[in-house]
Amino acid sequence: MRKPCCEKKETNRGSWSQEEDQKLSDYIKQHGEGCWRSLPKAAGLRRCGKSCRLRWINYLRPGLKRGNFGEDEEDLIIRLHALLGNRWSLIAGRLPGRTDNEVKNYWNSHLRKKLIQMGIDPKKPHQLGGKGLHIKTCLPDLNLDLTLSNTAPSTTLVEES
DNA sequence: AACCAGTGCAACCGCTTCTTT
DNA sequence: TAAAGAAGCGGTTGCACTGGT
């Protein structure tokens, strides 16, 4: 049996306070990311490492865009989702300043509905092929330097002209 | 003004993958 | 090569906020 990542009784849960945010970002600015397991103790936080990592990546990390997605971003998410499926971290990697959590939330709350309204089943990405998109072999078009660990796809999406 | 349903976002949970020994 | 530990990821949940009645 694996130990839990943290002792639940000794950790705070729920929303982060300003003080906690400050401690976390101060610590990371000083020491850099890494070793999330030991970070909370070192930073003086009563949080588990997972929680710290998530908070940093999704909220505190510099360069994050907040607010609405632009049309171009929306379009790119749809295309990448058609190509990659629910691989949110890969999709987010193509959207500067966006996080996997943000992309996932946006997909689930906005884009899925939008596609359904358009008569597209979001679970069947290849239907997009009939809506002005073709999936072709080869990568260069969208400048996708996807580095997939297991099944590296050799496909990309290109706009039908 | 009060209630309720719908929505969006932040955070948690548990599984998978990667790394180290 | 296998096992254990750490990190990463995606699914899901909880709650605050908003708009409609």
Side-chain angles (χ1 to χ4, degrees), chain A residues 1-118 120-128 144-155 157:
Chain A
M1 256 300 238
R2 212 153 111 177
K3 281 185 187 174
C5 76
C6 50
E7 285 294 332
K8 289 185 180 179
K9 59 180 179 183
E10 290 176 11
T11 56
N12 290 346
R13 297 163 63 76
S15 298
W16 281 64
S17 67
Q18 275 195 331
E19 191 192 353
E20 287 178 307
D21 281 347
Q22 193 61 52
K23 278 185 182 176
L24 180 59
S25 49
D26 283 350
Y27 183 86
I28 292 176
K29 277 172 194 164
Q30 212 172 347
H31 299 93
E33 291 179 42
C35 203
W36 295 109
R37 196 179 164 86
S38 59
L39 184 148
K41 202 176 175 184
L45 290 161
R46 294 164 69 88
R47 294 274 180 175
C48 79
K50 265 186 174 184
S51 181
C52 294
R53 179 186 158 273
L54 210 64
R55 184 65 178 172
W56 173 253
I57 288 172
N58 289 324
Y59 200 83
L60 298 173
R61 199 172 47 166
L64 289 180
K65 273 189 205 169
R66 318 281 316 162
N68 294 343
F69 282 72
E71 261 186 55
D72 52 337
E73 288 178 305
E74 206 173 272
D75 190 50
L76 189 55
I77 293 169
I78 292 169
R79 289 157 189 270
L80 289 170
H81 186 269
L83 178 66
L84 301 167
N86 296 355
R87 301 174 82 162
W88 305 114
S89 60
L90 279 175
I91 295 172
R94 308 301 312 170
L95 293 156
R98 300 295 187 185
T99 69
D100 54 354
N101 209 32
E102 209 177 359
V103 172
K104 179 172 61 182
N105 281 334
Y106 190 70
W107 175 267
N108 286 328
S109 55
H110 294 86
L111 295 179
R112 212 161 45 136
K113 286 174 201 162
K114 199 172 169 177
L115 290 179
I116 288 167
Q117 274 176 3
M118 287 164 66
I120 299 168
D121 182 353
K123 289 176 188 168
K124 294 178 184 171
H126 289 87
Q127 273 187 269
L128 287 169
L144 290 170
D145 56 345
L146 300 168
T147 48
L148 300 175
S149 52
N150 38 13
T151 52
S154 56
T155 57
L157 287 169

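A/D72 CG: more than 12 foreign heavy atoms inside a 6.0 Å radius. The number of heavy-atom neighbours closer than 6.0 Å to OH of A/Y59, taken from other residues, nucleotides and ligands shown, is 12 or below. For NZ of A/K41, the number of neighbouring non-hydrogen atoms (other residues, nucleotides, ligands) closer than 6.0 Å is 12 at most.
Using five terminal pairs a side, the axes of the helix from B/dA2-C/dT21 to B/dT21-C/dA2 at its two ends make an angle of 0°, given in steps of 10 degrees.
Separating the CH2 atom of A/W56 from the P atom of B/dA10 is a distance of 16 Å, rounded to the nearest angstrom. Rounded to an integer number of Å, the gap from A/R61 CZ to B/dA10 P is 14 Å. With rounding to whole Å, A/N101 atom CG is found 12 Å from C/dC9 atom P. Rounding to whole angstrom units, CZ of residue A/R87 and P of B/dC15 are separated by 20 Å. In this structure, the CG atom of A/L54 is 15 Å from the P atom of B/dG14, given to the nearest Å. Distance, A/L84 CG to C/dG10 C1': 14 Å, rounded to whole Å. Between the NZ atom of A/K104 and the C1' atom of C/dT12 there is a distance of 8 Å, rounded to whole Å. Here the P atom of nucleotide C/dC9 and the CG atom of A/D100 are 6 Å apart, to the nearest Å.
Checking the phosphate oxygens (OP1, OP2) of C/dG10, a side-chain nitrogen or oxygen of A/S89 falls inside 4.0 Å. A/R13 has a side-chain polar atom (N or O) that falls below the 4.0 Å cut-off from OP1 or OP2 of B/dC13. Look at A/W107 and you won't find any side-chain N or O under 4.0 angstrom from OP1 or OP2 of C/dG10. Taking only side-chain nitrogens and oxygens, A/S51 never comes nearer than 4.0 Å to OP1 or OP2 of B/dA11. OP1 and OP2 of B/dA11 both lie 4.0 Å or more from every side-chain N or O belonging to A/R53. Contact between the side-chain N/O atoms of A/R37 and the OP1/OP2 oxygens of C/dA6 is found at a separation under 4.0 Å. Within the structure, a side-chain polar atom (N or O) of A/W36 is placed less than 4.0 Å from OP1 or OP2 of C/dG8.
Within the 4.5 Å cutoff, the side chain of A/R98 has heavy atoms near those of the A/F69 side chain. Side-chain contact between A/I77 and A/L95 is present, with heavy atoms from C-beta onward closer than 4.5 Å. Between A/L24 and A/W16, some side-chain heavy-atom pair lies under the 4.5 Å cut-off.
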Could I get a table of every N or O pair under 3.5 Å where one atom is in the protein and the other is in nucleotides 4-9 of chain B?
residue, atom, partner, partner atom, Å
B/dG8, OP1, A/H110, NE2, 3.1
B/dG8, OP2, A/S109, O, 3.2

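Listed for the A/K23 side chain is no donor-acceptor partner under 3.5 Å among the backbone atoms of A/L45. Under a 3.5 Å cut-off, the side chain of A/N108 and the backbone N or O of A/K104 do form a donor-acceptor pair.
In the set B/dC15, C/dG10, B/dA10, the nucleotide with an atom closest to the side chain of A/N86 is C/dG10.
A salt bridge (charged side-chain N to carboxylate O under 4.0 Å, His left out) with A/E20 is found for exactly one of A/R47, A/R55, A/R13, namely A/R47.
Here A/N58 lies out of heavy-atom contact (under 4.0 Å) with every strand.
Of all the residues in residues 19-33 of chain A, not one reaches under 4.0 Å from DNA chain B with any non-hydrogen atom.
Using cut-offs of 30° and 60° on the angle between ring planes, the pair A/H81 and A/W107 is parallel.
Rounded to the nearest 0.5 angstrom, A/E102 CD and A/N58 CG are separated by 8.0 Å. To the nearest 0.5 angstrom, A/E74 atom CD is 8.5 Å from A/H110 atom NE2.
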